[in-house]
A.B. asks: 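For reference, the structure I am asking about is given below.
Labels below follow one simple rule: chain letters A, B, ... track the order of the sequence lines, proteins then strands, and each chain is numbered from 1.
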Amino acid sequence: MHDLKYIRENAVDFDAALARRGASPIAADLLTLDESRRALATEMQQAQARRNEASKAIGKAKAQGNEEAAQALMTEVAELKKTLPALEEKERDVATKLKNTLAGLPNLPDEDVPAGADEDDNVEIERWGTPRSFDFEPKEHSDIGPSLGLDFETGAKMSGARFTFLRGQMARLQRALAQFMLDKQTLENGHTECAPPLLVREEAMFGTGQLPKFSEDSFQTTDGRWLISTSEISLTNSVREQILDEAQLPIRLTGLTPCFRSEAGAAGKDTKGYIRQHQFEKVELVAITRPEDSEAEHARMTKAAESVLQALELPYRKMLLCAGDMGATARKTYDLEVWLPGQDSYREISSISNTGEYQARRMNTRFRPAGEEKGTRFVHTLNGSGLAVGRTLVAVLENYQQEDGSVTIPAALQPYMGGITKLEIP
RNA sequence: GGACACGUGGGUGAGCGGCUGAAACCACCUCCCUGCUAAGGAGGCAAGGGCCUCACGGUCCUUCGAGGGUUCGAAUCCCUCCGUGUCCGCCA
């Protein structure tokens, strides 16, 4: 959601920023709507003011027993009531149209976001770790996994494609990874652990920007609720419609939840393996900050996500997404891509975004500045994966695979595996 | 799922259909007094929007869970929904 005042004063910049994402100019349309809305509002409010004034006068006239004056005023108000509802409806219609147009627009990219249309234009910031050299041909996880309990067939049989059934040591490995990540984010990185709802109302989906434009990406229940596609939705909306004290900021949250995605439009992509599922687990990081702190928080949160990869000794690279490849709500995004030797490529395992006040406006989340500044200001919100558990499982399988089909457990993870150091084919 | 009750500003909580955008208290801010691990006094303090102003600010509109309705006029009456509480039923 955007600030109309900003658009009024910076129409050219606004369109230029949208153009960087490949969106068409819209400022002129918005301003036309805005102008007519304000003109209607002024007209409507003048009529309302007269009605209110007359109504008060009626009360006074009646109190003084002046029935004649009261009657005259009532006649006048009756006349007003013939025109007022039409005016109110017109104003409402224009306001709704304006709001809907605004609600469908993506965030503006930050100035230091590189230009570009798609992932080919993303900029590599740095690499961490050295990909292991194999003295055999490394396999993909979808070839290593099945004999260790990653059961694609059973999942598909009961639920369809993109659902997987984990059993035995594989299920335990996923649980261990999730616990490990949660401990890292809470004990070391200062995020508060949360266990939020997985089903949310439409307003919550709107608040974080999944609606109205991306309804096809999520699942909806028969009673109209939505399955969260990420716990960013539940965690971020925990502060919706609130006016926070400045002293409460920053608020740093984390949570482990399943995420549900319909993956519409991803036909043919990653059809093999555990990379792209309708249901997957993710440890999410969310931060609510003052506007002036969000950039530093973005860097800090990215490091928090990186800390998991480093502890697991998984090589990765950090990408700065170009304007055309960012999600609609983001104004700046770093992706962490983990090295997958079986695929011989880096694959996304975390995406950390600063949305600025885009979501805060949609959720109406503000804070009251301490000191003499009057009024309220919108907070900034950030979210990132810390990390996607399923994809981390994939990375462990591929990076720690042995020639005999077994997989060693990263040292940091062993305490979470009850001392098991290796997954072996039963 | 059934019955009843409730939903007011940052918080607690008053509020005969016109004098209430809202008492009082707490929190917070400014000032005064006084000082010693405390306090006392004065004042201010909802949000969003329109119009006027270089600005300080002024003025009007909307909002008392949300949406409808009754009325010249609604926080106050009616309906629907959402939420909360209590009791009953069911249940991991």
A.B. asks: Strictly below 4.0 Å, N to O, side chains only: are A:R162 and A:E263 in salt-bridge contact?
C.D. replies: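 Judged by the 4.0 Å cut-off on N to carboxylate O distance, A:R162 and A:E263 do not form a salt bridge.
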
A.B. asks: Tell which nucleotide pairs with B:A3, taking only Watson-Crick or G-U wobble pairs whose two distances are both under 3.5 angstrom.
C.D. replies: B:U86

A.B. asks: Under 4.0 Å between a side-chain N/O of A:T376 and OP1 or OP2 of B:G10, yes or no?
C.D. replies: no

A.B. asks: Should we say atom CD of A:E9 is surrounded by more than 12 heavy atoms from elsewhere, each under 6.0 Å from it?
C.D. replies: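 Above 12, so yes.
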
A.B. asks: When all nucleic acid strands are considered with a 4.0 Å heavy-atom cut-off, which category describes A:R377: base, sugar-phosphate, or nothing?
C.D. replies: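 Since no nucleic acid heavy atom lies under 4.0 Å of A:R377, the category is nothing.
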
A.B. asks: Looking at A:N237 and A:A204, would you say the former's side chain and the latter's main chain have a donor-acceptor pair under 3.5 Å?
C.D. replies: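 It does hold such a pair.
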
A.B. asks: If each of A:A41 and A:Q46 is mapped to the nucleotide of RNA chain B with the nearest heavy atom, which maps nearer the 5' terminus, i.e. the 5' end?
C.D. replies: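 Comparing both residues, the 5'-ward one is A:A41.
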
A.B. asks: Under a 4.0 Å threshold between the charged nitrogen and the carboxylate oxygen, would A:R37 count as salt-bridged to A:E91?
C.D. replies: yes

A.B. asks: Can you tell me how far apart CD (A:E398) and CG (A:D143) are? Round to the nearest 0.5 Å.
C.D. replies: 9.0 Å

A.B. asks: For nucleotides 68-72 of chain B, give me every protein contact, N/O to N/O, under 3.5 Å, one pair per line with atom names.
C.D. replies:
unit_1 : atom_1 : unit_2 : atom_2 : d
B:C72  : O2'    : A:S55  : OG     : 3.1

A.B. asks: Check whether any side-chain nitrogen or oxygen of A:R368 sits under 4.0 Å from OP1 or OP2 of B:G9, and answer yes or no.
C.D. replies: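 Answer no for this pair, as no side-chain N or O of A:R368 is under 4.0 Å from OP1 or OP2.
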
A.B. asks: So, is A:N52 close to the B:C61 phosphate, meaning a side-chain N or O under 4.0 Å from OP1 or OP2?
C.D. replies: yes

A.B. asks: In this structure, which one of A:H380, A:R252, A:R290 forms a side-chain hydrogen bond (donor to acceptor under 3.5 Å, both in side chains) with A:E297?
C.D. replies: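 That would be A:R252; it is the only one of A:H380, A:R252, A:R290 passing the side-chain hydrogen bond (donor to acceptor under 3.5 Å, both in side chains) with A:E297.
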
A.B. asks: Below 4.0 angstrom, N of the basic side chain to O of the carboxylate: do A:D270 and A:R347 qualify?
C.D. replies: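 A salt bridge is present here (some side-chain N lies under 4.0 Å from a carboxylate O).
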
A.B. asks: Please classify the nucleic acid contact of A:R37 as base, sugar-phosphate, or nothing, using heavy-atom distances under 4.0 Å.
C.D. replies: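 The residue A:R37 makes sugar-phosphate contact but no base contact.
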
A.B. asks: Could you check if a side-chain atom of A:L227 sits within less than 4.5 angstrom of a side-chain atom of A:T221, using non-hydrogen atoms only?
C.D. replies: yes

A.B. asks: Counting only Watson-Crick or G-U wobble pairs whose two distances fall under 3.5 Å, which nucleotide matches B:C51?
C.D. replies: B:G58

A.B. asks: Using Watson-Crick or G-U wobble geometry with both distances below 3.5 Å, tell me the partner of B:C72, or none.
C.D. replies: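 Partner of B:C72: B:G18.
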
A.B. asks: Is the gap between the ring centers of A:Y416 and A:F180 under 6.0 Å?
C.D. replies: yes

A.B. asks: Check the interface with nucleotides 80-83 of chain B: list each N/O to N/O pair with the protein under 3.5 Å, or write none.
C.D. replies:
unit_1 : atom_1 : unit_2 : atom_2 : d
B:C82  : O3'    : A:R201 : NH2    : 2.8
B:C82  : O2'    : A:R201 : NH2    : 3.3
B:G83  : OP1    : A:R201 : NH2    : 3.2

